[in-house]
Amino acid sequence: GLDDPTQPASQMIDRRARRRAAEAKAWTPATASGDPHRGHEETSSALHEERLDAVVSRLLEGEPATVLDLGCGSGSLLRRLAPVRRLERIVGLDSSLGALRAARRLLAEEGWEDDERVELLHRSLEDPGKDLAGFDAAALVETIEHLESGRLSVVERAVFGTLRPKAVILTTPNREYNVLYGMAEGELRHADHHFEWDREKFRGWAQGVAERNGYSVEVEEVGLADPVHGSPTQMAVFRLGAV
């Protein structure tokens with residue numbers, strides 16, 4: 001469970017009421033609204049909500065019991081997974097203590113701080129720990145573009161070689177779409193991004209990962225599609241050992 005001694009006991013009733021409300025409806029897709037060509041920030045836009053909807057939908061296929069959120073950030077995916085009662089274990093992992101504190105606050109606000117199914121771990125994607133091997137599903141949402149190029153192969157081996165979840169859902173920006181945000185050539189969507197790939201590059205990388213590690217892969221687009229530039233987000237769905 002979550003350990004956050006800074007939360008006042010007086011908030012317990014309110015948090016648990018929100019938790020019960022979230023649990024009652026479990027997960028339903030959010031409706032994206034507003035201008036789809038605005039707000040390409042990673043965590044505060046209609047696109048972010050649509051992306052999370054797509055990831056959760058794919059994660060829950062096959063009725064997993066255990067889910068890993070690799071690079072969980074401030075917990076926006078975890079808060080959607082926690083109300084799904086058939087999930088027996090939900091682990092969020094991040095190398096940033098600040099992000100984990102934000103995730104803990106977000107989950108506690110909705111009453112999940114005493115839920116033993118939900119865990120937050122301070123670990124690196126390059127060495128997440130063999131104790132996390134064999135989960136049913138894992139997500140890397142807008143994560144790989146934050147890695148320096150030399151670390152990408154290390155993370156690939158850690159996730160697909162050591163952890164080997166049965167399914168991996170991975171999203172990353174589509175560089176081709178950036179022109180529709182009014183961005184200059186070569187400009188990245190976030191100051192911490194080391195790269196953003198076009199669709200051909202991403203598809204080739206995803207297929208290589210699948211072939212090297214014994215997975216199948218499907219590549220999809222998420223968000224409003226443009227006939228020339230595609231969608232703003234690209235998503236790969238990896239399945240272990242599938243044909």
Side-chain angles (χ1 to χ4, degrees), residues 36-56 68-81 91-107 120-129 132 138-160 163 168-206 209 219 221-223 229-236 238:
H37 292 142
R38 294 193 59 188
H40 57 273
E41 302 85 358
E42 295 183 311
T43 59
S44 59
S45 66
L47 173 60
H48 181 61
E49 296 303 314
E50 187 172 357
R51 181 189 300 126
L52 290 173
D53 286 343
V55 169
V56 172
L68 274 173
D69 185 1
L70 299 169
C72 65
S74 58
S76 55
L77 178 61
L78 295 172
R79 76 183 296 187
R80 287 172 176 243
L81 296 174
V91 176
L93 180 152
D94 208 286
S95 60
S96 166
L97 284 172
L100 291 171
R101 283 193 289 267
R104 181 175 289 109
R105 286 194 299 270
L106 181 64
L107 291 166
L120 295 176
L121 300 177
H122 180 225
R123 298 186 187 180
S124 165
L125 288 178
E126 296 170 70
D127 186 19
L132 297 179
L140 293 100
V141 180
E142 306 299 283
T143 298
I144 62 169
E145 63 273 10
H146 292 270
L147 301 172
E148 297 174 3
S149 57
R151 297 175 57 204
L152 192 57
S153 60
V154 178
V155 171
E156 176 191 332
R157 288 192 295 271
V159 174
F160 293 91
L163 298 185
V168 179
I169 317 301
L170 183 151
T171 73
T172 194
N174 169 22
R175 185 182 71 193
E176 298 169 66
Y177 202 87
N178 289 353
V179 65
L180 299 178
Y181 291 131
M183 297 169 62
E185 179 68 26
E187 184 181 359
L188 301 177
R189 297 187 198 178
H190 191 280
D192 191 48
H193 287 185
H194 290 275
F195 61 85
E196 290 171 3
W197 287 336
D198 60 27
R199 287 171 289 175
E200 182 179 2
K201 171 71 173 178
F202 179 64
R203 185 177 293 275
W205 175 83
V209 169
V219 175
E221 296 190 354
V222 179
H229 304 290
S231 294
T233 293
Q234 39 195 349
M235 179 170 70
F238 298 89

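Basis for what follows: all heavy atoms, side chains included, without hydrogens, waters or symmetry-related copies.
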### Query
Side chains of D53 and R80: does their closest heavy-atom pair fall under 4.5 Å?
yes
### Task
Report the C-alpha distance between R51 and V141 in whole Å, list the side-chain angles of each, state the deciding distance to 0.1 Å, and finish with yes or no for side-chain contact (heavy atoms from CB on, under 4.5 Å).
CA-CA 8 Å; R51 181 189 300 126; V141 180; 3.8 Å; yes
### Message
If I take atom CG from residue L100 and atom CG from residue L93, how far apart are they, to the nearest 0.5 angstrom?
### Response
7.5 Å
#### Entry: Residue that, paired with V55, satisfies side-chain contact (heavy atoms from CB on, under 4.5 Å) out of D69, L140, L77
L77
### Task
Hey, could you give me the CG/CD1 distance between L68 and I169, rounded to the nearest 0.5 Å?
12.5 Å
### Summary
Interatomic distance, NE2@H229 vs CD@E221, rounded to 0.5 Å, equals 12.5 Å
### Task
Taking side chain to side chain donor-acceptor pair (under 3.5 Å) as the test, write out the residues that go with R203, two or more places apart.
none
### Query
Is the closest side-chain heavy-atom distance between Y181 and R189 below 4.5 Å?
yes
### Query
Roughly how far apart are D94 CG and L125 CG, rounded to 0.5 Å?
7.5 Å
### Task
List the atom of S76, the atom of H48, and the distance in Å for their closest heavy-atom pair.
OG-NE2, 3.3 Å
### Query
Measuring from E200:CD to W205:CH2, what's the distance to the nearest 0.5 Å?
16.0 Å
### Summary
Heavy-atom closest pair (C72 atom, L78 atom, distance to 0.1 Å) is CB-CD1, 4.0 Å
### Query
Step by step, would you call V155 with I144 a side-chain contact (heavy atoms from CB on, under 4.5 Å)?
CA-CA 9 Å; V155 171; I144 62 169; 5.7 Å; no
### Task
Report yes if some heavy atom in the side chain of R79 is under 4.5 Å from a heavy atom in the side chain of L107; otherwise report no.
yes
### Message
I need the single residue from H146, Q234, E145, E142 that forms a side-chain hydrogen bond (donor to acceptor under 3.5 Å, both in side chains) with T172. Which is it?
### Response
E145
### Message
Using every non-hydrogen atom in the two residues, find where E196 and H190 come nearest and quote the distance to one decimal.
### Response
OE2-N, 4.1 Å
### Query
Do T233 and Y177 have side-chain heavy atoms sitting under 4.5 Å apart?
no
#### Entry: Heavy-atom side-chain proximity of F238 to V159 below 4.5 angstrom
no
### Message
With a 4.5 Å cut-off on side-chain heavy atoms, are L132 and R123 touching?
### Response
yes
### Query
Any ion pair linking E176 and K201 (charged N to carboxylate O, less than 4.0 Å)?
no
### Query
Are any side-chain N or O atoms of S231 and backbone N or O atoms of G223, one a donor and one an acceptor, separated by less than 3.5 Å?
yes
### Message
Quick check: do H122 and L97 have side-chain heavy atoms less than 4.5 Å from each other?
### Response
yes
### Query
In terms of ring plane angle, is the pair F202 and W197 parallel, tilted or perpendicular, where the classes change at 30° and 60°?
tilted
### Under the side chain to side chain donor-acceptor pair (under 3.5 Å) test, residues paired with D198 that sit two or more places apart
R175
### Query
Of all heavy-atom pairs between G73 and A103, which one has the smallest distance, and what is that distance?
O-CB, 3.6 Å
### Message
Is any side-chain heavy atom of L163 closer than 4.5 Å to one of L70?
### Response
yes
